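To start, the structure itself, in structure tokens.
Computed from a predicted structure; not experimentally measured. By convention in this document, chain letters (A, B, ...) are assigned in the order of the sequence lines, proteins followed by strands, and residues within each chain are numbered from 1.
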Number of protein chains: 2
Amino acid sequence: MIQRDQIVSQFTKRLKKLPIFDWGKTYNGETLTSDLVAAIIVTIMLIPQSLAYALLAGLPPQMGLYASILPLVAYALFGSSRALAVGPVAVISLMTAAAVGKLALQGTEEYIFAAMALALISGLMLLVMGLLRLGFMANFLSHPVISGFITASGIIIATSQLKHILGIDAHGHNLAELLTSIVSHLNQINPFTLVIGIAATAFLFWVRKGLKPLLLSFGLKERMADILAKTGPVFAVAITTLVAFLFGLEGQGVALVGAVPQGLPGIQVPKLDLELVISLAGSAALISIIGFVESVSVAQTLAAKRRQRIDPNQELFGLGASNVASAFGGGYPVTGGFARSVVNFDAGARTPAAGAFTAVGIALATILLTPLLFFLPKATLAATIIVAVMTLVDFSILKRTWNYSKADFAAVASTMVVTLMWGVELGVSTGVLVSIAVHLYKTSRPHAAIVGLVEGTEHFRNIDRHDVQTTPTVLSLRVDESLYFANARFLEDRIYDLVADQPALKHVILMCPAVNEIDTSALESLEAINERLGDQDVKLHFSEIKGPVMDKLAKTDFLAHLTGQVFLSQYQAICTVAPQTCNQTKLATAVNGNKM
Amino acid sequence: MIQRDQIVSQFTKRLKKLPIFDWGKTYNGETLTSDLVAAIIVTIMLIPQSLAYALLAGLPPQMGLYASILPLVAYALFGSSRALAVGPVAVISLMTAAAVGKLALQGTEEYIFAAMALALISGLMLLVMGLLRLGFMANFLSHPVISGFITASGIIIATSQLKHILGIDAHGHNLAELLTSIVSHLNQINPFTLVIGIAATAFLFWVRKGLKPLLLSFGLKERMADILAKTGPVFAVAITTLVAFLFGLEGQGVALVGAVPQGLPGIQVPKLDLELVISLAGSAALISIIGFVESVSVAQTLAAKRRQRIDPNQELFGLGASNVASAFGGGYPVTGGFARSVVNFDAGARTPAAGAFTAVGIALATILLTPLLFFLPKATLAATIIVAVMTLVDFSILKRTWNYSKADFAAVASTMVVTLMWGVELGVSTGVLVSIAVHLYKTSRPHAAIVGLVEGTEHFRNIDRHDVQTTPTVLSLRVDESLYFANARFLEDRIYDLVADQPALKHVILMCPAVNEIDTSALESLEAINERLGDQDVKLHFSEIKGPVMDKLAKTDFLAHLTGQVFLSQYQAICTVAPQTCNQTKLATAVNGNKM
């Protein structure tokens, strides 16, 4: 019984830590009003977006709506951001299409089930990562890699939607496939679709730029105009649906959304078998990480504006629960979206309850409005997607990284090229691997500067960059990197080369303020250096070894075999092995030659 | 024509750089005698070893001899070590068996051709690595991982040879498979084989320990006794062959080497098709890297003893040429072996010509002695292998790394376990991946110490470790790691947490002597930190930024936006932002508050 009590108490404790108990305490009428207003606006914005992203994922439009109901409720319960709005987003929809497209054909039941299963697996992965506190793994996606990936994905997404604007059939998961397919079907262009598509795209681009000034000139307040301008897609949807209905465009070959099942899907448990899990696991992991990174960065941006903090590990639970909920509610993988979260924030959402209210709004729309969607042209949805993703496309990261760091440029460029040429999954994996490889390569050939004393100070600086004092009997080498397996041999080679050039040399001092670690390989290299220098009657000393590094060295017998000493500072080291250099400086500091 | 001349001149230049033109110049009668003596001793030692390792690789015994002829000539021409002896070695033979065993059955022609193709592919890879100067890649195999891998391989090799000692059939590429297979065949033990096997093993162990003292007591000189003791396996081969012949052990079910083709194989070009190359590429890459690392470390150990240097990139050419030669000469993958190189060195080899002379010796043996090998029991060869590899088995690395670094321990332990359980290829790959992952994990959560001024000095130390001065308006944080994508967010979190606790704070100084790089992700994080601290009226300063890092920052607009300053030293920084702290110290140094 004691054990059960313990479990119950543990569970209660854990439950009490849920964010809802934090913001729930201070919930009042004012917060409620703010949240409700935000919810209505976000609902209006989400309807066309959800339909469009489902289309992008190759799924029936209602799945986009389903993915915007339960996940919002789940996030409201478990998420830590007060403004984040979860649901289908462009990049994750594209990744879903890439993942599920490997297993089944679009339009089949298997395809739909696989998308739900993908949400479930991804959700469970996120929950497990949350339990194991693995949120730091997202750090291995560097900022430049994410920028490059998002830009390349945006291009692929926009290109993939061209077929709906042109009214043709075209398929492909990368740019080359898509373009080839589009070109080979150009003779099938449907002029009615094209007119609607171009008109909707032009209208939506205008809404982004021109609607707000127009509304302002009508006397609307800044914030209201801002929010109304974001609901532009709803007008495009309403107008083109009406046009298609009035002019009977279905008979002209214009692709319409068609019959959408009315009402809500029941709660369903996606069937997972081992084979399905194995074939989706890799894709689910990528979707989880990308979704998490995107969501956390949106949440942190918004939280910073109100001096709030985001707990990345709690976000793993929030997103994990959202994806599991999406799977159970007939949806597909979701994450926190940038545009909708900003609208939610700007519209005044104060707590995650706004998300729950939005869910109610979408549910009502799903029940009441779906018959009206029959005449909605797919070209309108495609236009919505194209205009949304073009804001993601930003090549400036290429220029910035080229100027700042060729290594980062290599990571961005390879991410972009591979994503465009071979698809999203290979693209983002390449980005991560290239960043890691480049980082390892850089640290494997560390910067190591010969240093000398800056006259009149106790400071030592690179002899190539500063006017400093040196002496032929002492070589002071500052190693600007942790010493570990990848650079251990490089350091050995460097020291032997330097020593070979200097016959008068009696002391080598390794200055280690930048050495944050010495691993076993590096320790063995240092032992070899110590021994080999000893054979040549050159003593090996160390200075400014960091505390944690010293603690570890003290556990070994390396210090006992060391031919030289370990000094607290490089200045003490120089004063001990070459007092004449030390005296020349104008500083008459009393030196406590304390050997550490 | 000019172009052709250029190519010819380039080629000539390259040719003149070959090591042979270095040692060839001073070659004389004395060097020749030394080299010849060493060659004879190494030849005697190599014959049983070559036969045994071919057996370990699952190949006909003569392939071991073939692999000890042309490769030695090729290495003499292209290698940079003066004492290295290349040829079949234990670990590479085991890896060959694992690689080729995936494609064909032992005893088939396909198996033999695949082994030759493996040598060719591996050789070409090494040559390409040499051209691209990729020798540094070997550094990613850390010392502990190599130790663990060699120990685990030694255990697998010894276990795999037990079947020959017992005279039973048993197969498997990992410890579990091997042991299960041996146990299930125990009822087939051949008593005659067992007697020969145990006797040979006991004799060879005794040779290692007891022969040298015995020879010394007979009045032989130290060095001669040492060398003779290394030729012990030849006696075991001769005696057991004679016993098998005299007592007709073939009729008793004792497995003998049997008919070995007499004479040398012609030069043959292994047929490579794309499918074969693809299926062997991964294994060939692993064999190349492991062989290169093993060979270079042997070569460097021996070179150090005579104050010579090894050029790792030249070694890639030497080993690459050796493997290509091995393939053309009917052999299989080779590398520099430890035991034979030490014997070569101790026996007085002065130049790579000793290797070429050894090749002639082995060629003569292949022509003249092969008929005598008919009665050689396989159990004797197995005993040779077991005794040789037991010297490789060394578990002390587990204890050493456990005491020194748990991260290194994790890499060693996982290498050993995976090698033993799932084979050599997965084992060594796991080791490399675990070391890299552990390194990234460590650097992703950098040590960052709050520092204060050591009274009476200009030095700053960790407040947790030293008695230092601080002031509530200034937070001095020393970041003990390069700032890059994996730890950028961690630093942000750390600083926000520290700042949140200190309402009196006006200045944050990041002390960067250990920051060797700031990549684009970290730069964006610093921009965010600068902005967010600015919102809270806290200025962000930097001190002791390294030259190369400063150069890169100067290219961006980061310094223009920085709320604080960049100081050459932390002491200057403190004196500027909190002069009262600075004055309290007994040092009355004139501070040049120069802003970098």
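- The cationic atom of A/Lys555 (NZ for Lys, CZ for Arg) does not lie both less than 6.0 Å from the six-membered ring centre of B/Tyr404 and within 45° of the ring axis.
- If you take CD on A/Glu481 and CD on B/Glu481, they are separated by 7.5 Å, rounding to the nearest 0.5 Å.
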Worksheet entry | Criterion side chain to side chain contact (heavy atoms under 4.5 Å, CB included) on A/Lys442 and B/Ser482, from CA distance to verdict | CA-CA 11 Å; A/Lys442 280 191 293 191; B/Ser482 289; over 6 Å; no
Item to complete: Show your working on side chain to side chain donor-acceptor pair (under 3.5 Å) between A/His459 and B/Glu458 and close with a plain yes or no.
Response: CA-CA 9 Å; A/His459 300 297; B/Glu458 295 184 6; 3.2 Å; yes
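- For A/Asp408, the salt bridge (charged side-chain N to carboxylate O under 4.0 Å, His left out) criterion is met by no residue, not counting sequence neighbours.
- Under the 30°/60° scheme for interplanar angles, the aromatic rings of B/Phe140 and A/Phe485 are found to stand perpendicular.
- Neither the backbone nor the side chain of A/Val479 comes within contact range of chain B; no heavy atom of the residue lies under 4.5 Å from a heavy atom of that chain.
- For B/Glu517, the part sitting under 4.5 Å from any heavy atom of chain A is the side chain, from C-beta outward, and nothing else.
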Discussion item. Before you tell me yes or no, could you show the steps for B/Arg489 and A/Val296 under side chain to side chain contact (heavy atoms under 4.5 Å, CB included), namely the whole-Å CA-CA distance, both residues' side-chain angles and the distance that decides it to 0.1 Å?
Written reply: CA-CA 11 Å; B/Arg489 193 187 298 277; A/Val296 164; 3.9 Å; yes
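- Options A/Asp464, A/Ile518, A/Val412 differ in how many heavy-atom pairs under 4.5 Å they form with chain B, and the most are formed by A/Ile518.
- Contact check on A/Asp551 versus B/Arg465 returns a salt bridge, with a Lys/Arg side-chain nitrogen under 4.0 Å from an Asp/Glu carboxylate oxygen.
- Proximity to chain A is limited to the side chain of B/Thr556, based on heavy atoms less than 4.5 angstrom apart.
- Options B/Asn487, B/Thr401, B/Thr520, B/Leu440 differ in how many heavy-atom pairs under 4.5 Å they form with chain A, and the most are formed by B/Thr520.
- When heavy atoms are compared at a cutoff of 4.5 Å, B/Leu523 approaches chain A solely by way of its side chain, counted from C-beta outward.
- The CD1 atom of A/Ile436 sits 8.5 Å away from the CD1 atom of B/Ile436 when rounded to the nearest 0.5 Å.
- In this structure, A/Asn462 CG and B/Lys546 NZ are separated by 10.5 Å, a value rounded to the nearest 0.5 Å.
- Across B/Pro548, B/Ser569, B/Ala528, the residue that shares the most heavy-atom pairs under 4.5 angstrom with chain A is B/Pro548.
- Contacts of B/Val438 with chain A are absent, with no heavy-atom separation under 4.5 Å from either backbone or side chain.
- A donor-acceptor pair is defined here as one N or O able to donate and one able to accept, closer than 3.5 Å; such a pair exists between the side chain of B/Asn516 and the backbone of A/Asp480.
- Between the side chain of B/Ser142 and the backbone N or O of A/Ser521 there is no donor-acceptor pair closer than 3.5 Å.
- Contact annotation for B/Ser435: both backbone and side-chain heavy atoms come within less than 4.5 Å of a heavy atom of chain A.
- Contacts between A/Pro446 and chain B at a heavy-atom distance below 4.5 Å are absent for every atom of the residue.
- Inter-residue side-chain proximity for B/Ser525 and A/His143 is flagged as met; some heavy-atom pair is nearer than 4.5 Å.
- With sequence neighbours left out, the salt bridge (charged side-chain N to carboxylate O under 4.0 Å, His left out) criterion links A/Arg400 to B/Glu524.
- With a 6.0 Å radius and a threshold of 12 heavy atoms from other residues, nucleotides or ligands, B/Asp557 has its CG atom above the threshold.
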